[in-house]
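First up is the structure itself, then whatever we jot down about it.
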Protein chains: 2
Amino acid sequence: MPTRTAAQRRTEAKHAYNAYLAQCPSRQLLASLSDKWVTLVLCALGEQESRYSMLGRKIPGVSQKMLTQTLRTLERNGLVQRSVTPTVPVRVDYTLTALGHSLLPVISTIKQWAEQHMPQVRTAQDRYDRHSQADHAEPLRRLA
Amino acid sequence: MPTRTAAQRRTEAKHAYNAYLAQCPSRQLLASLSDKWVTLVLCALGEQESRYSMLGRKIPGVSQKMLTQTLRTLERNGLVQRSVTPTVPVRVDYTLTALGHSLLPVISTIKQWAEQHMPQVRTAQDRYDRHSQADHAEPLRRLA
DNA sequence: CAGAATCCGTCTTGATACTG
DNA sequence: CAGTATCAAGACGGATTCTG
């Protein structure tokens, strides 16, 4: 008797990669996509191709270090194209590749979700924090 | 005189939250969603509600610490519901909330994207790595 | 302009050990 | 079972300096 159904085996054949598994390369990829700078840079480039300094301005709070590092990783993964115009001073433009564009709708939806559901999340956080206070701090505050 | 233009105020009215801005709470939320453990736990719970130890088994490589921490954050943000059955030993079940379910399709798409586009990304990485080698190491290897 | 390189303090991780 | 506590290692972030 097989441990997997035919349907399950078909699913595996389609996927081939399984991000749940630590050894699977797709897990590494998932990890590199699960990054706030990656999300923000990708969304920014999705709105319009940009030069290095413009990206920095569009995403207040990134350090040069993180911006450069993020762009390098994205370039290495084939999501972003870096093109240098050898003027003086040099001009460097970053654009999404076709692969990058295929990811954009997915990633930008997350950013949108975060922006749109902030109120619900806040409510949940307040409730959680109030209850934690009641659970742990109340005994010390009974007479306060 | 207002510090914001009318256009800016209109944009704010539409979005209210802007994840590009470091001070915006939605940016914190985005950052907490942009996490590999969050993605994997959410996907796992999307497939079926689970107990703590089952999650650990479904996601090989998570430390207890990270699993617990991730679950706590998700619970605080209202994405996950934690329910304790006071048996001996205790039984704890985790399920997605309605809010969590609203995020699930978005987040699971990322995991799928990573699994499905792994080949293209590999190709890109190989190309990048070969070129870096050529750019930086070749001069030292001319006669090798 | 678009970085690379370096120092350095802080925050996160992950492994290990212990608990009700 | 479902965690908590702890500690060392590494990643991250900021500021600064330098380059072509």
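The figures here come from the full heavy-atom set of this structure, side chains too, leaving out hydrogens, waters and symmetry mates. Numbers restart at 1 for each chain; the letters A, B, ... are given by sequence-line order, proteins then strands.
Side chains of B/Arg127 and B/Thr123: no donor on one and acceptor on the other come within 3.5 Å.
In this structure, CZ in A/Arg72 is found 9.5 Å from CG in A/Leu67, a value given to the nearest 0.5 Å.
Here the side chain of A/Val92 is nearest to one of D/dG3, C/dG3, C/dC7, namely C/dG3. In this structure, the nucleotide among C/dG14, D/dG13, C/dA2 sitting nearest to the side chain of B/Ser63 is C/dG14. Across D/dG20, C/dG3, D/dA2, the shortest atom-to-atom separation from the side chain of A/Val90 is found for D/dG20. With C/dC1, D/dG13, C/dG3 as the choices, the nucleotide that has an atom nearest any side-chain atom of A/Pro89 turns out to be C/dC1.
A/Arg51 has a side-chain polar atom (N or O) that falls below the 4.0 Å cut-off from OP1 or OP2 of C/dA2. A sub-4.0 Å separation between OP1 or OP2 of C/dG3 and a side-chain N or O of A/Tyr94 is present. At least one side-chain nitrogen or oxygen of B/Ser53 sits closer than 4.0 Å to the OP1 or OP2 atom of D/dA2. Note on B/Gln69: every side-chain N or O is 4.0 Å or more away from OP1 and OP2 of D/dG3. A close approach under 4.0 Å does occur between a side-chain nitrogen or oxygen of B/Arg72 and OP1 or OP2 of D/dT4. At the phosphate of C/dA2, neither OP1 nor OP2 sits under 4.0 Å from any side-chain N or O atom of A/Arg57. At D/dA11, none of the side-chain N or O atoms of A/Trp37 fall inside 4.0 Å of OP1 or OP2 (strictly under the cut-off).
The separation between B/Leu67 atom CG and D/dC1 atom P is 13 Å, rounded to whole Å. As a whole-Å value, the separation of A/Met66 CE from C/dG3 C1' is 14 Å. Atom CD of A/Glu75 and atom C1' of C/dG3 are 13 Å apart (whole Å). Whole-Å rounding puts the B/Met54 CE to D/dG3 C1' distance at 17 Å. Rounded to whole Å, the distance from NZ on A/Lys65 to C1' on C/dC11 is 13 Å. Straight-line distance from the CZ atom of A/Arg82 to the P atom of C/dG3: 5 Å, rounded to whole Å. In this entry the distance linking NZ of B/Lys58 with P of D/dA2 reads 15 Å, nearest Å.
With hydrogens and angles ignored, no donor-acceptor pair closer than 3.5 Å exists between the side chain of B/Gln64 and the base of D/dA5.
Using a cut-off of 4.0 Å between Lys/Arg side-chain N and Asp/Glu carboxylate O, B/Asp35 and A/Lys36 are scored as not salt-bridged.
Both cation-pi conditions hold for B/Lys111 and A/Tyr20: the charged atom is under 6.0 angstrom from the six-membered ring centre and inside a 45 degree cone around its axis.
Annotation: side chain of A/Leu74 is in contact with side chain of A/Leu42 (closest heavy-atom distance under 4.5 Å).
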